[in-house]
Structures are given as structure tokens and as C-alpha cells.
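Numbers restart at 1 for each chain; the letters A, B, ... are given by sequence-line order, proteins then strands. All values below were derived from every heavy atom in this structure, side-chain atoms included, with hydrogens, water molecules and symmetry-related copies excluded. Owing to the predicted nature of the structure, the values given are computational and were not obtained by experimental measurement.
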Amino acid sequence: MSLISFENVVKEFDGRKVLDGLTFSIEAGEVFAIVGPSGTGKSVTLKHIVRLLTPDSGRVMVDGVNVSDCSSRQLRAIRRRVGYLFQGGALLAWMTVEENVALPLKECDCLPDAQIDRRVAEALAAVELADAAEKYPAEISGGMQKRAGLARAIVRESDVVLYDEPTSGLDPVTSVTINRLIKKLNKTLGITSVVVTHDLQGALAFADRILLLKDGKAVECSTPADFVASDNPDVKEFLSAMKGEMQ
Amino acid sequence: MAFVHEVGRTTRVMFASVCAFPTVFRSRDSRADFGVQLYKTGIGTLPVVTVVSLFTGMILALQVGLELRRFNQEIYLGAAVMITLIREMAPFSCGMCLAACVGSAIAAELGTMKVNDEIDALEIMSISPVRFLAAPRILALVVMAPLLAFFCCAIGTLGGGIVGATQLGVNFEQYMSSAMSMAEVKDLMVGLLKALIFGLVIGTVSVAQGMGTSLGATGVGRATQRSVVVSFLMILMLGYMVTRVFYR
Ligand SMILES: Nc1ncnc2c1ncn2[C@@H]1O[C@H](COP(=O)(O)OP(=O)(O)O)[C@@H](O)[C@H]1O
Ligand SMILES: [Mg+2]
């Protein structure tokens with residue numbers, strides 16, 4: 001059974017169908033990339049996995065549990081297992097980077113202080129942000145905010161991490177670092193990674209499978225090799241548009 | 001329909017927050033955050049409240065004093081100013097200040113957080129936004145509004161006394177003794193209760209507007225504006241209703 005599966009999910013905003021019968025599934029332990037033009041509902045898709053949004057029809061299953069129709073206890077358990085990197089980082093402005101990363105451990109898991117300090121230091125080191133621990137979000141760059149958000153997403157040692165555009169707006173060197181980190185977390189800790197990204201090159205390099213979203217539907221869902229070789233017209237169009245962007 | 005939905009949502013926010021008040025004192029961090037909110041709400045608005053209440057008292061004294069003088073009853077100036085302030089004007093003007101200074105800031109802050117996915121981020125970490133954000137802010141308003149109303153009453157009475165002494169020829173001591181003779185416990189209690197209700201309503205409305213912000217930067221502006229307008233209307237209407245219940 002798949003870890004996460006979308007079954008015919010429909011989601012409307014103001015009468016516009018953003019997701020229109022979306023069906024796909026993600027296996028435990030894989031790096032799953034979701035690509036597509038902006039505004040196609042990639043972020044909306046991620047939000048459905050942890051019930052920040054609920055489908056108008058269809059269902060989202062996580063580990064055999066229907067997310068949109070489960071008890072608050074089950075929901076807590078699911079959210080406990082899932083780390084989420086938001087597109088803008090979503091750090092709290094009145095806390096330092098360090099305090100932001102410590103927040104889930106402190107408020108939710110109630111760990112002892114020494115353990116919190118150790119885990120926070122590890123997470124910040126992993127995203128190469130140890131120097132900025134004492135800074136406030138407004139004092140650091142967008143890329144650093146994103147990395148701090150990433151540290152917060154992985155600090156609880158969740159077994160699934162959802163990354164919403166982890167590399168957009170970052171310089172190429174940092175992007176490579178982040179992509180490597182995603183791959184490393186996946187390899188060493190077996191973290192299932194769902195990565196929404198613009199960075200097709202990166203996705204082709206590190207993902208196990210790639211999903212192309214268009215008009216609220218899954219157009220293609222395959223391994224990078226098959227993705228590039230696909231003769232689906234939408235995939236071809238997307239690939240050539242991306243190539244154009246490269247040059 | 002949308003209106004009924006909004007009222008329902010705001011009411012739910014109010015009940016959930018009131019139920020979460022005890023959690024504000026649960027941990028060291030949450031107590032510290034509550035302290036910050038108390039400071040922002042109480043001390044932050046003190047300058048504005050001082051000026052507003054001083055002038056409220058001065059205007060009252062001038063208007064009432066001129067009328068009283070026509071009947072040679074200036075000795076009652078203190079009583080008239082005190083009663084108006086303690087029963088109506090102190091909670092009212094202090095409510096207006098809090099809605100404009102604190103409520104708007106809460107709506108803008110929470111609205112920005114909503115738009116930046118920060119509220120969603122809290123949800124994911126299973127940190128209830130009501131407990132973490134709403135409860136300390138609303139409780140700070142509930143605590144501070146009566147204190148500020150009392151302060152407002154004192155400053156307003158003082159302002160009235162100054163106008164009485166300098167422009168209407170009312171001896172200041174005479175003014176004060178007249179004022180104190182009319183200051184009844186019931187009036188004070190009702191006035192403070194009114195302020196407390198205003199604090200609760202301003203907090204709830206602002207939090208609900210902030211958390212209900214729709215996407216985009218215009219959403220934050222609209223939420224802020226609505227929080228102030230709705231708070232003003234509620235202050236007026238509830239002010240009348242509380243008066244109606246206690247004075248008939
Ligand atoms: N909470 C919401 N309310 C209304 N519309 C929304 C909401 N969330 C997303 N949308 C709309 O859904 C569409 C897809 O958004 P999104 O998933 O953020 O796109 P992207 O693929 O770039 O991440 C956009 O047109 C956006 O305006
Ligand atoms: Mg997005």
C-alpha cells in the first residue's frame with residue numbers, strides 16, 4: 001500500500017477548479033517531485049496531505065487513514081510524522097532563528113532543554129545556518145529564511161517531509177546544497193520526501209519519480225528517465241519550455 | 001448569509017479563546033509572551049489614552065459647566081463630570097483607543113501571519129493558534145481595558161477640574177468633593193464591566209478578522225479596517241445594552 005495517495009481529489013476556489021480529479025500515489029521512502037507551471041495547484045496539493053485544505057470531493061489517504069475524515073487524534077499523529085517547509089519559510093517574526101526551530105520541540109513535544117538545544121544545533125548545522133542562530137527572520141536573506149524553515153521542518157525527525165519550492169529564489173550553489181541535503185536525508189534516514197519544485201534539472205537529478213501537474217490533473221508520473229523520454233505532448237511542451245528558460 | 005457565517009466564526013473564536021485563557025499561565029514562555037502583550041496593550045496605549053481622557057474631561061466640564069452656570073449650579077460640576085465619565089465616557093473612549101491602537105495592530109499582525117503561512121505552520125506543529133496567538137492577546141485586552149478605563153476616569157476628572165478652576169471659576173477642592181460624593185460603587189463596577197466587555201469584544205473581533213484574512217496584501221488591509229469598524233460599532237451597541245440592563 002502506498003504511503004500517501006490522492007484519489008480523484010477535486011478542489012475549487014471561487015468556482016475555479018484548481019485540482020480536478022487528481023490521482024497519484026507516493027511510496028514510502030522515495031523522493032517524489034511535483035513539477036508544473038506556477039499557479040497549477042502544487043502548493044494546494046501539498047496542503048491537502050496534512051489537512052490544511054480539505055478536498056471538495058475525492059479523498060487523500062496517508063498510511064491508510066483518510067486525512068479529511070479522521071479524528072483530531074489521528075490528525076495529530078499524522079502531522080507529527082510530517083515536516084513541512086513552506087514556500088516563504090513561514091518563520092515567526094518575533095523569534096530568533098534558533099527559537100523558531102526549537103518551537104515544535106518545545107511547544108508540542110515538551111522535550112528537556114538540553115535535548116532541544118542539541119537537536120536545534122544539529123538541524124541548523126545541517127542547513128549550514130549555525131552562524132545565524134541568534135538572528136531574527138527580518139535580519140536574514142530570503143534564502144536563509146527558507147533554510148531556517150527547512151531546519152524547523154526536519155528538527156522533529158519526522159519520517160515524511162514536504163518541501164514547497166525549497167530552492168526557488170536561491171543561488172545555484174545553495175540550491176545544489178539543498179538538493180543534496182534532501183537526498184541525504186532520504187538516503188540516511190529513509191525520509192519520504194515530497195518536493196514541489198520549479199527546478200526541473202534538480203528534480204531530474206535527485207528524484208525517484210516525477211509528477212507533472214497541469215490543469216489540476218496528473219499528466220505524467222514516472223521516473224526521470226521515462227519522464228524525459230515520454231511522448232506525452234504536455235510533458236514535451238513543459239520540457240521544451242524549461243529548456244528555453246535554461247538558455 | 002456571509003454575515004451569519006462571520007458572526008458564527010467570531011463567536012467560536014471568542015469561546016475557544018476564553019477556554020484557552022488558563023493555558024496562558026502554563027509555561028514560562030507563554031507567561032513571558034503574555035507579559036509582552038500586557039505591556040503592548042496597557043503601557044503602549046497610555047500616552048494616547050491620557051490625552052484622549054484629559055480632553056474628554058475638559059470638553060465635558062466646559063459644556064456642562066456653561067449650562068450649569070446659567071442656573072448658578074456650578075457646584076455640581078464635579079458630580080456631573082464624574083458620573084458621565086465613570087458610567088459612559090471612560091469605558092467608551094478607552095474602548096475607542098484600544099480598538100484603534102491595539103485591535104488594528106492585532107488584525108494586521110495575525111493577517112500578515114496568515115498570508116505568510118505562519119498560522120498554517122503552527123497548525124502543522126499541532127500548536128493551536130487560538131491558544132498560542134489569540135488567548136494571550138485577548139486576555140491582555142480583557143485585563144487592561146478596565147484598568148485603562150479607571151485611569152481614564154481619573155485623568156478625565158482631573159481635566160474637568162482644571163477647566164472648572166481656570167475657566168468657570170469653580171474651586172478645585174469643591175469640584176473634587178462634589179465629584180467624589182457622586183462616585184458610587186455601582187457606577188464604578190458597571191463602568192469597569194463595560195470596559196471589560198469592550199476589551200473582550202475588541203480582542204475577539206481583531207483576532208477573528210486577522211485569522212480570517214484572505215490571500216494577498218489587500219486582504220491584510222481589509223482585515224485591519226474591518227476590525228476597527230466592527231469594534232467601533234460593537235462598542236456603541238454593547239455600551240447601550242449594558243447601560244440598559246443596569247439603569248432603568
Ligand atoms: N486559500 C486559497 N483561497 C483561494 N484561492 C487559493 C487558495 N490557495 C490557492 N488558491 C489558488 O489556487 C491556485 C493554485 O495555487 P498554488 O497551489 O499556490 O499554485 P502553485 O502551483 O504555484 O503552488 C492559485 O490560482 C491560487 O490563487
Ligand atoms: Mg506554490
As an exercise: rank A90(A), G88(A), A93(A) by heavy-atom pairs under 4.5 Å with chain B and give me the winner. A90(A)
Do we see a donor-acceptor contact under 3.5 Å between the side chains of T96(A) and E134(A)? no
Between I78(A) and chain B, with a heavy-atom cut-off of 4.5 Å, which part of the residue counts as in contact: side chain, backbone, both or neither? neither
With chain A, which of D29(B), T112(B), D33(B), D120(B) has the greatest number of heavy-atom pairs at distances under 4.5 Å? D120(B)
Write out, in numerical order, the residues from residues 67-74 of chain A with a heavy atom short of 4.5 Å from a heavy atom in chain B. none
Any salt bridge linking E98(A) with K135(A)? Criterion: basic side-chain nitrogen under 4.0 Å from a carboxylate oxygen. no
Surrounding CZ of F13(A) (heavy atoms of other residues, nucleotides or ligands, distance under 6.0 Å), is the total greater than 12? yes
Can you say whether D117(B) sits under 4.5 Å from chain A via the side chain, the backbone, both, or neither, judging by heavy atoms? both
Checked Q87(A), R80(A), E107(A) vs chain B; the most non-hydrogen pairs under 4.5 Å come from E107(A)
Tell me, side chain or backbone of L122(B) under 4.5 Å from chain A's heavy atoms, or both, or neither? side chain
Considering only NZ, NE, NH1 and NH2 on the basic side and carboxylate oxygens on the acidic side, decide whether R152(A) and E99(A) come within less than 4.0 Å. no
In terms of the angle between their ring planes, are F25(B) and F34(B) parallel, tilted or perpendicular, with boundaries placed at 30° and 60°? perpendicular
Ordered numerically, the heavy-atom neighbours of chain B under 4.5 Å found in residues 42-62 of chain A are K47(A), V50(A), L52(A)
For R26(B), which atoms come within 4.5 Å of any heavy atom of chain A: side chain, backbone, both, or neither? neither
Examine whether an atom of I124(B) lies under 4.5 Å from a heavy atom of chain A, and if so say whether it belongs to the side chain, the backbone or both; otherwise answer neither. both
So with a 6.0 Å cut-off around CZ of R9(B), is the heavy-atom count from everything else above 12? yes
With no hydrogens and no angle check, do the side chains of E88(B) and T243(B) hold a donor and an acceptor under 3.5 Å apart? yes
Decide, yes or no, whether a salt bridge links R79(A) with E123(B) under the criterion of side-chain N to carboxylate O below 4.0 Å. yes
Could you please spell out the steps behind the side chain to side chain donor-acceptor pair (under 3.5 Å) verdict for S30(B) and S27(B)? CA-CA 5 Å; S30(B) 62; S27(B) 76; 3.2 Å; yes
Quick check on F151(B): does its CZ atom have over 12 non-hydrogen neighbours (other residues, nucleotides or ligands) under 6.0 Å away? yes
Carboxylate-amine/guanidinium proximity below 4.0 Å for R119(A) and E157(A): yes
Would you say K17(A) has more than 12 foreign heavy atoms packed within less than 6.0 Å of its NZ? no
Decide yes or no on ring-ring contact (aromatic ring centres under 6.0 Å, His included) for F24(A) and F32(A), but give the supporting numbers first. CA-CA 11 Å; F24(A) 67 91; F32(A) 190 87; 5.5 Å; yes
